Structure formats: structure tokens, C-alpha cells
Amino acid sequence: MVADIREDLLENRQQDVQKELSDLEAYEQAERDRIQSFIDSYEQKATTGSDMRIAIRNQKQRLGQLETRIHSRKANLRKREQVISLAPNIEAYCLTLPV
């Protein structure tokens, strides 16, 4: 019974982590698209003669920071998925004493 409970808990944890990973990937893609649209817009303004170098550089830095944060969060989620319970693996032991 203990092993069954442990397996259920492990399965639930893996499902939760996979859901969080998929949500994180969706957030990453949306945020990457948003920042890239700013960069594209600034580059287009730069072609018309505006000085957009600083704005473009700042957006590229934001993109790099996003990648760093996402990579760190994914690593933490994978670690959380691999955590093993320190509970004992005792399933059924019986001690009999003569009376």
C-alpha cells in the first residue's frame, strides 16, 4: 500500500511539473514574440533615420534575461520532479515473539 501511495504521489508530481513546464514554454514563446516585435519595430524606425540603437540593445538584453530566467526555472522544475521522498521503504514486516 505504501508503494502504491508513493507511486501515485510521484505520478501526480510528474504531471504537475509537466503542466508547469508546458505553461512556462507557452509564456516563454509569448514573451519572446512580444520582445521580438519591439525589436522589429525599432529596427524599422531605425531604417527611417531614427536613432534606435539603445532601444534595440535594451530589448536584446531583455531577451537574454528572459532566456536566463526560463532556463533557471526549467532546471528548478526538473529538480523538483526528481526529488525522492526520504520516507522509509518498509512495506510489510512482522515481528513475532513467543509467549
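Numbers here simply count residues along the sequence, with the first being 1. Not measured: the values here are computed from a predicted model.
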Those residues that, when tested against Q36, pass side-chain hydrogen bond (donor to acceptor under 3.5 Å, both in side chains) (two or more places apart) = D40
Hits for salt bridge (Lys or Arg N to Asp or Glu O under 4.0 Å) against D33, two or more places apart or cross-chain, chain-then-number order -> none
Just wondering, are more than 12 heavy atoms of other shown residues or ligands nearer than 6.0 Å to CD in Q44?
-> no
Can you name the side-chain contact (heavy atoms from CB on, under 4.5 Å) partners of E31, sequence neighbours left out?
-> Y27, R34, I35, R62, L66
Interatomic distance, CD@Q59 vs CD1@I54, rounded to 0.5 Å, equals 13.0 Å
Salt bridge (Lys or Arg N to Asp or Glu O under 4.0 Å) filter on R73, not counting sequence neighbours, yields E20
Non-neighbouring partners of D16 that pass side-chain contact (heavy atoms from CB on, under 4.5 Å), sequence neighbours left out | none
Decide yes or no for I70 and E67: does some side-chain heavy atom of the first lie under 4.5 Å from some side-chain heavy atom of the second?
-> no
Look up atom NZ in K19 and atom CD in Q15, then write down how far apart they are to the nearest 0.5 Å.
-> 11.5 Å
Mark yes or no for whether T48, through its side chain, and K45, through its backbone, hold a donor-acceptor pair below 3.5 Å.
-> yes
Residues that L21 engages under side-chain contact (heavy atoms from CB on, under 4.5 Å), provided they are two or more places apart | V17, Q18, K74, L77
Output for pair (N58 CG, Q65 CD), nearest 0.5 Å, gives 9.5 Å
